[in-house]
Student: 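Let me begin by handing over the structure; questions about it come next.
What you see below is based on every heavy atom in this structure, not just the backbone, and it leaves out hydrogens, waters and symmetry mates. Just so you know, these numbers come straight off a predicted model, no measurement behind them. Count residues from 1 along the sequence.
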Amino acid sequence: MAGRKNSTFAVTKVRLGDGLQVDTRADTVAGEEPLEIRVGGQTITTTMRTPGHDIELAHGFLHSEGHIASLSDVTEARYCAGATVNGMNTYNLLDIDLAKKNVLDLSDLRLTTTTSACGVCGTSSIEALAKQTRYPIPHIPVDPYVVAKLPDKLRAEQKQFKKTGGIHAAGAFTLDGEPVVIREDIGRHNAADKVIGHLLLEDRLPADDLILVMSSRASFELVQKAAMAGFGMLVAVSAASSLAVETARETGMALVGFARGDRFNLYSGELA
C-alpha cells in the first residue's frame, strides 16, 4: 500500500431528493501516508503527505525552515530501507545528506510531527521571519485580470483533485499568469513545499518573478514559506488569517484571498 497517491474503496453513496437513494460503488480517495525526513540519520520531522515528489518536498521543507539555501547544500537524498520489521522499503523514510555539517546545527533541531491539516512553522513571530528571510520581497502590483484567472488555471492542472475531490494544490505562475510548476498534496503546506523544492532543484530561487497560487486558505505558514522563497505575491482561493495579513503587510508581499471567478479580496499590496 505504501507510496500510492490514491486508493479505491467501496463507498455507500446517499442522495436526498426525489426520495432516498442509496447505492454502493467504488470511489477514489486521496492517499495519505507519513514521510519521515532525516538529516544525516537524525529525524527532523514527520509529515502526513500524499506520496509523490518527496525529494522536492524535503528540499522545500528544509529551505522553508531556513536550513538550506541552495541545491549545493544537499549532496544526497535517498529513501531508506528497514522501515518495517521485515526490512522493507516503504518509501516513507527519506534521509538527506548535507554538503557542510554547519549548514544545519543539529543541536537546534526539534522533532516535529506535521499533520496534513496544518504545518509547523519554523518561526514563532513576524519579527523572527523578517530576520530569517534570505531574499528581499519584490513589489509586485496586482493585475486583477491576471489574478482572477489563476485559480481556474490551477484547477485545470489538478489531476488528483479531479479523481478524489480531496487534495490541495500549489502552483508557481509567471506574472503573466502562465504555469511554471504545479504540485498536489493532501496537505496545503506540503504542496507549497513541493513547489518550492522544485524551484530550488531547478535553481529558480528566489522566485521574485513568480506568483504562488494555493487552492486553500492563506495561513501564516504559507506566507512564511512564500517569503522564504522570495515570492512577491500569494494568491489563495479561500480566506486569509489575521497573522497572514499582518505578515504580508510587514514583509511587503501582495496577498490575495477568496480569488474565485471574477472577484477577490486584496489584503496586502496594491492594484496595478
Side-chain angles (χ1 to χ4, degrees), residues 1-35 46-54 57 90-92 113-120 144-173 177 179 181-195 211-222 234-245 255-267:
M1 295 294 290
R4 291 188 180 182
K5 290 185 177 181
N6 305 312
S7 296
T8 302
F9 297 92
V11 176
T12 300
K13 293 184 176 287
V14 179
R15 293 185 180 180
L16 301 176
D18 297 330
L20 180 64
Q21 300 179 33
V22 180
D23 71 285
T24 300
R25 64 180 68 178
D27 193 38
T28 302
V29 299
E32 182 178 27
E33 295 183 12
L35 176 67
T46 300
T47 183
M48 300 303 297
R49 99 300 189 192
T50 300
H53 303 291
D54 292 334
L57 171 57
T90 62
Y91 296 96
N92 288 334
T113 300
T114 307
T115 69
S116 56
C118 63
V120 178
Y145 296 98
V146 171
V147 167
K149 296 177 181 179
L150 291 176
D152 287 341
K153 289 185 176 182
L154 181 68
R155 176 65 67 86
E157 299 298 324
Q158 291 182 242
K159 298 178 181 179
Q160 299 305 316
F161 180 84
K162 293 176 183 178
K163 295 178 180 179
T164 67
I167 196 165
H168 284 298
F173 288 77
V181 56
I182 293 173
R183 293 289 183 259
E184 293 179 277
D185 197 278
I186 199 166
R188 61 182 183 272
H189 59 285
N190 287 336
D193 277 339
K194 288 179 178 180
V195 166
I211 302 170
L212 181 62
V213 184
M214 300 297 307
S215 67
S216 64
R217 65 184 177 89
S219 60
F220 167 78
E221 62 177 350
L222 292 179
L234 173 62
V235 176
V237 302
S238 193
S241 70
S242 60
L243 190 56
V245 174
L255 178 60
V256 173
F258 287 117
R260 302 172 183 177
D262 60 353
R263 64 190 65 188
F264 59 83
N265 288 353
L266 182 59
Y267 295 102

Student: Looking at CG of N190 and NE2 of H53, how far apart are the two atoms once the value is rounded to the nearest 0.5 Å?
Tutor: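 It comes to 12.5 Å.
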Student: Does the pair I186 and M48 meet the rule for a side chain to side chain contact (heavy atoms under 4.5 Å, CB included), with working shown?
Tutor: CA-CA 8 Å; I186 199 166; M48 300 303 297; 5.6 Å; no
Student: Give a yes or no answer on whether the side chain of R49 reaches the backbone of P34 with a donor-acceptor pair at less than 3.5 Å.
Tutor: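 At least one qualifying donor-acceptor pair exists.
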Student: If you measure from OG on S215 to CZ on R155, what distance do you get to the nearest 0.5 Å?
Tutor: 7.5 Å
Student: List the steps, then state whether side chain to side chain contact (heavy atoms under 4.5 Å, CB included) holds for T47 with H189.
Tutor: CA-CA 10 Å; T47 183; H189 59 285; 3.7 Å; yes
Student: For residues V245 and A240, report the shortest heavy-atom separation together with the two atoms involved.
Tutor: CG2-CB, 3.9 Å
Student: Please find the pair of heavy atoms, one from L154 and one from G171, that lie closest to each other, and give the distance.
Tutor: CD1-N, 3.9 Å
Student: Which pair of heavy atoms, one from L16 and one from L20, lies closest together, and at what distance?
Tutor: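 What the structure gives for the nearest pair is CD2-CD1, 3.4 Å.
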Student: For a quick test of reading the model, state the closest non-hydrogen atom pair linking L222 to S216 and the distance between them.
Tutor: CD1-OG, 3.7 Å
Student: Rounded to the nearest 0.5 Å, what's the gap from CG on L35 to OG1 on T50? Could you check?
Tutor: 11.5 Å
Student: So, taking the atom named CZ in R183 and the one named CG in D193, what distance separates them when rounded to the nearest 0.5 Å?
Tutor: 13.0 Å
Student: Assess whether side chain to side chain contact (heavy atoms under 4.5 Å, CB included) is satisfied between I182 and F173, documenting all intermediate values.
Tutor: CA-CA 9 Å; I182 293 173; F173 288 77; 4.0 Å; yes
Student: So, taking the atom named CG in D262 and the one named NZ in K149, what distance separates them when rounded to the nearest 0.5 Å?
Tutor: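 D262 atom CG to K149 atom NZ measures 12.0 Å (nearest 0.5 Å).
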Student: Run the side chain to side chain contact (heavy atoms under 4.5 Å, CB included) test on Y91 and D54 for me, step by step, so that the C-alpha distance in whole Å, both residues' side-chain angles and the decisive distance to 0.1 Å come before the verdict.
Tutor: CA-CA 9 Å; Y91 296 96; D54 292 334; 5.6 Å; no
Student: Would you mind checking if R25 and D23 are paired as a salt bridge, meaning a charged N to carboxylate O distance below 4.0 Å?
Tutor: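 Yes.
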Student: For K159, is there any backbone N or O sitting under 3.5 Å from a side-chain donor or acceptor partner on E184?
Tutor: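 At least one qualifying donor-acceptor pair exists.
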Student: Could you tell me which non-hydrogen atom of S241 sits nearest to which non-hydrogen atom of R217, and how far apart they are?
Tutor: CB-NH1, 4.5 Å
Student: Looking only at atom types and distance, does a side-chain atom of K194 sit under 3.5 Å from a main-chain N or O of D185, one as donor and one as acceptor?
Tutor: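 Answer holds: no.
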Student: Atom OG in S219, atom CE in M214: separation rounded to 0.5 Å?
Tutor: 8.0 Å
Student: Looking only at non-hydrogen atoms, find the nearest pair between A259 and V235 and report the distance.
Tutor: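 Looking at all heavy atoms of both residues, the shortest contact is CB-CG1, 3.9 Å.
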